[in-house]
2 protein chains.
Amino acid sequence: MDVAARAGVSKSTVSLVLQGSKQVRAETRTAVEKAMAEIGYVYNRAAANLRSSSVGLVGLVINDLRNPFFTEFATSLQMAIAAEGYATVIANSDEDPELQAKLVGSMIEHGVSAMVISPAYGAASDTFDQLARRGLPTLQVLRQGDERTDLFPFASFDYATGSAKATRHLLQQGARNVAFVGGLPGRAITRERKSGWRDVLKKDGLEEVALHGKSSRAFGMEMAATLIADHPEIDAAVCFNDLVALGLMAGFARAGRPVGTGFRVVGFDDIEEAAQSWPQLSSVSCDIAQFAQDTAARLLGWMVEGERPEPELRMPVRLVTRASSTGETT
Amino acid sequence: MDVAARAGVSKSTVSLVLQGSKQVRAETRTAVEKAMAEIGYVYNRAAANLRSSSVGLVGLVINDLRNPFFTEFATSLQMAIAAEGYATVIANSDEDPELQAKLVGSMIEHGVSAMVISPAYGAASDTFDQLARRGLPTLQVLRQGDERTDLFPFASFDYATGSAKATRHLLQQGARNVAFVGGLPGRAITRERKSGWRDVLKKDGLEEVALHGKSSRAFGMEMAATLIADHPEIDAAVCFNDLVALGLMAGFARAGRPVGTGFRVVGFDDIEEAAQSWPQLSSVSCDIAQFAQDTAARLLGWMVEGERPEPELRMPVRLVTRASSTGETT
DNA sequence: GGCTGGATTTGGAACGATCCAATATCTATG
DNA sequence: CATAGATATTGGATCGTTCCAAATCCAGCC
């Protein structure tokens with residue numbers, strides 16, 4: 001700490017300057033700052049943390065960072081949090097519960113003061129137990145894990161209403177048989193996204209065809225072939241997410257049956273690409289940027305003010321209709 | 001540090017156990033581990049760093065994390081680095097040099113022991129100077145910044161050869177006039193990706209039409225309209241990246257002129273989606289996962305062994321031909 | 001000039017690990 | 001059984017901040 005010597009003050013004073021305390025005289029502050037600049041001083045956070053234990057770090061663990069929906073969430077959250085002076089550590093668990101537990105452990109060691117997690121499926125008790133033990137403010141977002149989900153507040157979108165809207169819309173457009181495509185069976189989120197669709201079909205006494213599987217573009221493409229071959233009566237689909245929907249559309253295009261009027265599709269998430277595909281993809285829009293901001297606010301409220309958020313929150317969603325379901329060319 | 005007391009040893013011994021030293025007796029180690037488990041002890045990295053100054057943290061700053069190409073790189077790099085026991089802090093500079101400098105500063109404070117950066121365009125001296133001052137091993141990847149680019153080793157792909165291959169391929173397929181679409185003018189990476197295209201056209205004495213702009217799907221879509229209206233003679237395009245190419249294809253599809261034989265397209269990066277679009281997109285494939293692994297290896301070599309990598313490295317690229325340029329339906 | 005009270009500044013303990021030299025404990029060997 | 005040499009363990013200093021109580025400064029006032 002030559003800074004102190006160089007500026008002719010004590011290290012305590014330097015510390016005060018560092019913390020931006022207004023109780024140091026302006027001249028003193030200037031002198032210290034000058035000394036710091038001259039010396040090329042860099043603040044050592046490790047030391048500061050050691051003493052004050054608060055690192056200004058927030059951990060974010062995402063199950064699939066390659067999925068644009070999550071990427072968008074991660075980047076938006078990071079920016080919202082950065083605006084409050086916190087840094088974010090982003091990590092990708094790649095849907096692997098063990099890796100997830102390790103990542104969370106590493107983040108705890110690094111002294112994160114809060115966690116946001118979109119959990120991987122599978123055994124998650126390791127992950128959540130260590131967070132609970134440390135008493136870290138932790139938010140589950142976008143999907144609920146398979147275990148210990150009750151330990152921490154959860155926030156997501158009102159998917160059930162969304163898929164109901166989508167299904168009704170497809171029927172109104174003239175579809176007769178609406179399938180559900182994508183989503184791993186047994187997952188809470190699949191149940192939710194399916195439930196609205198099922199409710200509507202039940203009410204109208206229609207047959208339910210659901211094709212479950214990985215929520216990827218590739219799976220959607222595959223299912224296009226399956227639908228054409230095995231379910232010719234199906235003339236519309238609500239997809240688990242936009243990736244599946246885009247894959248499905250590509251599959252139909254490849255088979256020479258472009259989507260729009262003959263076959264109608266609605267996706268989920270309204271990722272950026274939905275508005276730029278051909279045909280443009282109708283989708284249940286989840287305002288993920290807004291959601292990220294809310295999440296940041298709730299998290300900071302918990303971290304700073306100690307206000308634990310309500311245990312469950314559902315953001316409303318909005319159906320955006322485009323050519324893939326209306327057939328209208330814009 | 002009740003662990004020491006509880007296990008009946010000194011704190012030094014506990015420290016040795018923590019570091020996995022093999023010079024503690026097996027029984028002692030077990031005793032200590034038992035004590036740690038009972039007490040629910042968590043390692044405090046801040047304290048360790050303070051003394052030993054090496055955090056096991058690598059910083060990664062990306063100019064556009066929403067771009068799937070970069071997302072893929074970030075996640076692959078993170079995993080490669082995690083395999084060596086380092087944690088990665090990922091941040092998105094969102095193409096903003098000031099934010100970038102702030103992020104880098106924050107990472108330095110957090111004690112990262114190395115940086116990987118795909119720089120935002122614009123004034124980058126703040127960013128690089130602070131890294132140089134600290135003497136942090138830093139790798140520039142995928143694109144070169146506008147300033148101080150000489151300070152640190154740079155690694156990327158051999159784009160020039162890639163675009164030459166793409167252009168020759170299009171001409172062989174029967175195209176007569178090949179445009180270049182996308183890429184901000186004046187950027188090093190645009191120059192590179194363009195140069196191969198230009199060289200081939202020059203050799204054949206063909207006219208050069210280049211449409212520059214943001215490298216997004218939306219821009220590609222826009223340019224489809226422009227090409228159709230203003231450059232009817234153009235019958236093929238090499239695109240700056242896959243996003244532009246996908247947008248271009250969507251734009252042509254919207255105009256009722258699906259891409260394949262009438263108009264041929266090759267993209268750049270070969271992102272996952274390229275193989276799943278309709279028509280499937282030909283692309284200059286950059287093996288980004290491999291690149292990420294190499295980057296991790298070079299970085300660790302520098303961090304651990306002190307071997308500074310060669311100042312410039314170009315990974316070879318490969319042209320993957322698909323329906324968007326051959327017209328063949330698979 | 002002495003006093004008062006607010007504004008500044010300061011010394012030194014603390015944070016929880018690592019590191020190093022020194023000490024204690026084993027093990028094999030003559 | 002003594003002892004060298006290897007193997008295990010330990011005490012205490014140390015890293016660079018923050019925190020707190022105490023000390024110092026200074027202007028204004030009687």
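Keep in mind the model is a prediction, meaning the values are calculated, not measured. Per chain, numbering begins at 1; letters A, B, ... match sequence-line order.
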Taking [atom1] from [X] and [atom2] from [N], how many angstroms apart are they, rounded to a whole number?
X        : N       : atom1 : atom2 : value
Arg45(B) : dA17(C) : CZ    : C1'   : 12 Å
Arg51(B) : dA13(D) : CZ    : C1'   : 7 Å
Glu27(A) : dT9(C)  : CD    : P     : 8 Å
Asn44(B) : dT17(D) : CG    : C1'   : 13 Å
Asn49(A) : dC19(D) : CG    : C1'   : 15 Å
Leu18(A) : dG16(D) : CG    : P     : 14 Å

Are any of the side-chain nitrogens in [X] or [Y] under 4.0 Å away from the carboxylate oxygens of its partner?
X         : Y         : answer
Lys102(A) : Asp126(A) : no
Glu310(A) : Arg298(A) : yes
Glu312(A) : Arg314(A) : yes

Establish, with yes or no, whether the OP1 or OP2 oxygen of dA17(C) is under 4.0 angstrom from a side-chain nitrogen or oxygen of Gln19(B).
-> no
If you round to the nearest 0.5 Å, how far is CZ of Arg187(A) from CD of Glu192(A)?
-> 14.0 Å
Reported CG-to-OG1 distance for the pair Leu313(B) and Thr295(B), which is rounded to 0.5 angstrom = 8.0 Å
Does a sphere of radius 6.0 Å around CD in Glu98(A) hold more than 12 heavy atoms from other residues, nucleotides or ligands, not counting ones at 6.0 Å or beyond?
-> no
Would you say Glu95(A) has more than 12 foreign heavy atoms packed within less than 6.0 Å of its CD?
-> yes
Between the protein and nucleotides 9-12 of chain D, are there any N/O to N/O pairs under 3.5 Å, and if so, what are the atom names and distances?
{"unit_1": "dT9(D)", "atom_1": "OP1", "unit_2": "Arg25(B)", "atom_2": "NH2", "d": "3.3"}
{"unit_1": "dT9(D)", "atom_1": "OP1", "unit_2": "Thr28(B)", "atom_2": "OG1", "d": "2.4"}
{"unit_1": "dT9(D)", "atom_1": "OP2", "unit_2": "Arg25(B)", "atom_2": "N", "d": "3.1"}
{"unit_1": "dT10(D)", "atom_1": "OP2", "unit_2": "Ser10(B)", "atom_2": "N", "d": "2.8"}
{"unit_1": "dT10(D)", "atom_1": "OP2", "unit_2": "Ser10(B)", "atom_2": "OG", "d": "3.2"}
{"unit_1": "dT10(D)", "atom_1": "OP2", "unit_2": "Thr13(B)", "atom_2": "OG1", "d": "2.6"}
{"unit_1": "dG11(D)", "atom_1": "N7", "unit_2": "Ser12(B)", "atom_2": "OG", "d": "2.8"}
{"unit_1": "dG11(D)", "atom_1": "O6", "unit_2": "Ser12(B)", "atom_2": "OG", "d": "2.6"}
{"unit_1": "dG12(D)", "atom_1": "N7", "unit_2": "Lys11(B)", "atom_2": "NZ", "d": "3.0"}
{"unit_1": "dG12(D)", "atom_1": "O6", "unit_2": "Lys11(B)", "atom_2": "NZ", "d": "3.1"}
{"unit_1": "dG12(D)", "atom_1": "O6", "unit_2": "Ser12(B)", "atom_2": "OG", "d": "3.3"}

Among dG16(C), dA17(C), dT18(D), find the nucleotide with the atom closest to the side chain of Ser15(A).
-> dT18(D)
Nearest heavy atoms of Leu299(B) and Met115(B), plus distance in Å = CD1-O, 4.0 Å
Cationic tip of Arg143(B) within the cone over Tyr121(B)'s six-membered ring, i.e. under 6.0 Å and within 45° of the normal?
-> yes
Degree of bending, the helix from dG1(C)-dC30(D) to dG30(C)-dC1(D) (end axes from five pairs; round to 10°) | 50°
How is Val42(A) classified with respect to the nucleic acid when contacts are heavy atoms under 4.0 Å: base, sugar-phosphate, or nothing?
-> sugar-phosphate
